[in-house]
Structure formats: structure tokens, C-alpha cells
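Below is one structure; the comments refer to it alone.
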Amino acid sequence: MNARVASHSKAAAGRATARTAGVIALVGAATVSALGGFARADPQPTRAEVEAKVDRLHHEAEEAVEEYNGVAEKADRTERALDDLHDEAARKTARLNDARDALGSFATAQYRSGTADPTVQLALSAEPEDYLRRAALLERVGNRQAAALEGVGRQLQEVEQVRTKADDRLAELTNARAELKRRKSAIEGKLAEARRLLDTLTAAQRDAVLGADGHGGAGSAGGAAGDRAARDAARGPVQAPNARAARAVSYAQGAVGSPYVWGAVGPGSFDCSGLTQAAWGAAGVSLPRTTYTQAAAGTTVPRSALAPGDLVFYYSGLTHVGIYAGGGQIIHAPRPGASVRYAPVDSMPFVTAVRPA
């Protein structure tokens, strides 16, 4: 009897263990299925995928940079206008205070003289003709006093108008600075994501990606040797249309090797529109700050008529610009992580070209 009970108990325990193992197996299978399988981790992106994503992020960042540059340019103009208004308000306030002082001195003099009623003065005057002459003089003085009062009132209005304009400009500047902060955050977020993707590559792969143009083109592969070859090609028979264009190209050539820094206009670092602005600035031509405003700052030229010094714009939003150096090459500031370099003029989607005046 005890043996049969023991045997029955062992069998029951075995069945319970089997059921437990089955449940664990089912739960484990469900868990693995729900999580996509422990053994199947997400595949690492290939170098080509990383490069495509990094290029896209850099391009989006450059769009945001040009928008940032536009807001920054507006903020600078607003700040200068605000300074001018403060100076104007100070000058007008000084003139107002002078007018008030003069009016106050005149009123004090009248009070001290104790001017009597004109009829009484005439009746008591021993020389009525002298009095009448003095009365005419006093009337003229009174007219001047009235004019002075009117002038003070007008100057008060002018000062208030200038102060109102200054308040409006200050509000614009405050809004512009807040917008700059938002755009800066967006730019830095995209660049941080690009750096994170680059960190997934080996050092050699990362160097290869950073050595490329960054806009889907190859740039001037071969580092310094490639830039020298491109420079030699650019210094072929094609001549700049004028001395200013030649000076702008010479400046850009001197900037080759300088790092890309977004928002920078030289002399040690540049973004794309900062380079073209600085190059033409060295030639005595003032260009606007952004790619899309530079595209309207000259005469449009067709692709077939490009000459050294022309500004070449890329992408549908005119978000990138380089300066044509001749020989089928541009000089441009490509993107973060790259330096100012030569690149084939057709290495990016060409949209238009402009010859600054």
C-alpha cells in the first residue's frame, strides 16, 4: 500500500513538473516572439546607409543654418536700428530740455519783473509813446513765448514717438533672439544625431564618409593632392570677367582648408554663404548673408556661361552655394566635419548661378 502511494506521488510530481516546464516553455516562446527574438538583434546600418542618413541630416542642418543666418541678419539690423533710435531719443531729449530751460528762464524773468496790467501802465505812464513801444516789444516777446511753448510740445511728441519706435524695435529684437535660440537648438540636434551615426562606423569608414563632399557628391577626393589638382584645373585658360571677380576667387582659394563652422563668416572658418559673402566682401562687394538672398544679388547666368567668381546655387531651396573657380570646379564650405574645398560644379543638384555686380 505504501509503495503504491509512493509510486502514485512520484508520477503526480512528474506530471506537475512536465506541466510547469511546458508553461515555462510557452511563456518563454511568447516572450521571445513578443520581443522579436533574443537571437535576432537589429542589424547595424551599413556604411552606405549611415552616409545617406548623415548627408540628409547635414543637408537639413544647412537649411536650418541659412534660416538661422537670415534671422541673425535681421536681428543685427534691428539692433543697429534700436541703437540709432536710442541716440535720436537722447538728442531730441537734450533739445527738449534746453527748450524747457529757456522757457523756464523767461517765465522766471516775467515773474520777477511783476508786469502790471497794460491799462494801468498806460494810465500811469508819463510818456505814453514810450509805453506803447514797450508794449509792442512785450507782445512780440509774448509771441515768441507762445512759439516756444508750441515748440516744447512738438518736441515732447517727437521724443515719445521715437521712444515708441524704440520699444517696438526692442520687442522685435527680443523675438528674433528667441527665434535664434530655437533654430540653434534644432541645428545642434541634427548635428548631434549625425555624430551619433558616424560613431557607429569604424575609424576608417568614418574618415571615408567625412572625406566625401557631404552633399551626395564625391568632392575633390584625394585630400590635399586632390585640391591641388582641382586648383590647377581651375587656373586654366578661363579668366574672371573683371578684377573684382578675380579678387573674390583669390580669397576663396586662400580659404581652402579652413574648417566649416555653421554661422561663421571668416576669416578662420566659414559656412557656405559665409564663404561667398567674405570672398566678395574682400573684393569690395557687399553681399547679403543667406544663400537665398545672395541668389538675388546679381545677374543670373546660365550654366554654360559660368565664369570665375560666379555664385553657384544648389538644391530646390537654394540652400547651398559655392563660388565658381573655373575649370569646372567650385570652391565651397561643404558641411560640419569638412573643410573649405574644391568640388566639381556638377557634384550637387545645380539650380542657378549669379554674377554679383
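Only heavy atoms go into these numbers, but all of them, side chains included; no hydrogens, no water, no symmetry mates.
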Give me the atom names and distance for the closest heavy-atom approach of [X] to [Y].
{"X": "Val354", "Y": "Pro356", "answer": "O-CD, 3.4 Å"}
{"X": "Pro334", "Y": "Ser339", "answer": "CD-O, 3.1 Å"}
{"X": "Ala61", "Y": "Leu191", "answer": "CB-CD2, 3.8 Å"}
{"X": "Val321", "Y": "Thr291", "answer": "CG1-CG2, 3.7 Å"}
{"X": "His332", "Y": "Ala343", "answer": "NE2-CB, 3.6 Å"}
{"X": "Arg247", "Y": "Ala282", "answer": "CG-O, 3.7 Å"}

Straight-line distance of [X] [atom1] to [Y] [atom2], nearest 0.5 Å:
{"X": "Leu82", "Y": "Arg169", "atom1": "CG", "atom2": "CZ", "answer": "9.0 Å"}
{"X": "Arg56", "Y": "Lys190", "atom1": "CZ", "atom2": "NZ", "answer": "7.5 Å"}
{"X": "Gln277", "Y": "Leu275", "atom1": "CD", "atom2": "CG", "answer": "10.5 Å"}
{"X": "Asp87", "Y": "Arg91", "atom1": "CG", "atom2": "CZ", "answer": "6.0 Å"}
{"X": "Leu85", "Y": "Gln161", "atom1": "CG", "atom2": "CD", "answer": "12.0 Å"}
{"X": "Cys272", "Y": "Ile330", "atom1": "SG", "atom2": "CD1", "answer": "9.5 Å"}

Given side chains that start at C-beta, do those of [X] and [Y] come closer than 4.5 Å, heavy atoms only?
{"X": "Leu287", "Y": "Leu311", "value": "yes"}
{"X": "Leu198", "Y": "Glu193", "value": "no"}
{"X": "Ile331", "Y": "Arg341", "value": "no"}
{"X": "Arg206", "Y": "Arg195", "value": "no"}
{"X": "Arg95", "Y": "Gln155", "value": "yes"}

When you look at NZ of Lys92, are more than 12 heavy atoms from neighbouring residues, nucleotides or ligands closer to it than 6.0 Å? yes
Phe270 and Tyr251 aromatic ring geometry - parallel, tilted or perpendicular at 30°/60° bounds: perpendicular
Acceptor/donor pairs from residues 300-308 side chains to any protein atom, 3.5 angstrom cut, sequence neighbours excluded:
unit_1 : atom_1 : unit_2 : atom_2 : d
Arg303 : NE     : Asp346 : OD1    : 3.2
Arg303 : NH2    : Asp346 : OD2    : 3.1

Are Tyr315 and Val312 connected in the hydrophobic side-chain network, where two residues link if heavy atoms are under 4.5 Å apart? yes
When you group the ILVMFWY residues by side-chain heavy-atom contacts below 4.5 Å and let the links chain together, are Val265 and Trp280 in the same group? no
Test side chain to side chain contact (heavy atoms under 4.5 Å, CB included) applied to Gln329 and Val345, step by step: CA-CA 5 Å; Gln329 298 284 320; Val345 69; over 6 Å; no
Is the side chain of [X] donor-acceptor paired with the backbone N or O of [Y] at a distance under 3.5 Å, no angle test?
{"X": "Ser250", "Y": "Ala246", "result": "no"}
{"X": "Thr174", "Y": "Leu170", "result": "yes"}
{"X": "Thr200", "Y": "Leu197", "result": "yes"}
{"X": "Gln157", "Y": "Arg154", "result": "no"}

Test Val340 against Tyr260 for side chain to side chain contact (heavy atoms under 4.5 Å, CB included), laying out the working first. CA-CA 7 Å; Val340 175; Tyr260 176 104; over 6 Å; no
How far apart are the C-alpha atoms of Thr290 and Glu73, what are their side-chain angles, what is the distance that settles it, and do they pass the side chain to side chain donor-acceptor pair (under 3.5 Å) test? CA-CA 9 Å; Thr290 65; Glu73 186 178 42; 5.2 Å; no
Step through it carefully: locate the ring centre of Trp262, locate the ring centre of Tyr68, and say whether they are under 6.0 Å apart. yes
For side chain to side chain contact (heavy atoms under 4.5 Å, CB included), just list the numbers for Tyr324 and Arg355, CA-CA rounded to whole Å, side-chain angles, deciding distance to a tenth of an Å, and then say yes or no. CA-CA 10 Å; Tyr324 189 64; Arg355 185 165 298 160; over 6 Å; no
What residue pairs, at least two apart or across chains, pass ring pair (Phe, Tyr, Trp, His ring centres under 6.0 Å) with a residue in residues 290-314? none
Residues Val71, Arg183; criterion side chain to side chain contact (heavy atoms under 4.5 Å, CB included); working and verdict: CA-CA 9 Å; Val71 176; Arg183 293 189 184 278; 3.6 Å; yes
Can a donor-acceptor pair be found between the side chains of Glu66 and Ser273 at a distance below 3.5 Å? yes
So which pairs with a foot in residues 252-275 pass salt bridge (charged side-chain N to carboxylate O under 4.0 Å, His left out), sequence neighbours left out? Asp271-Arg289
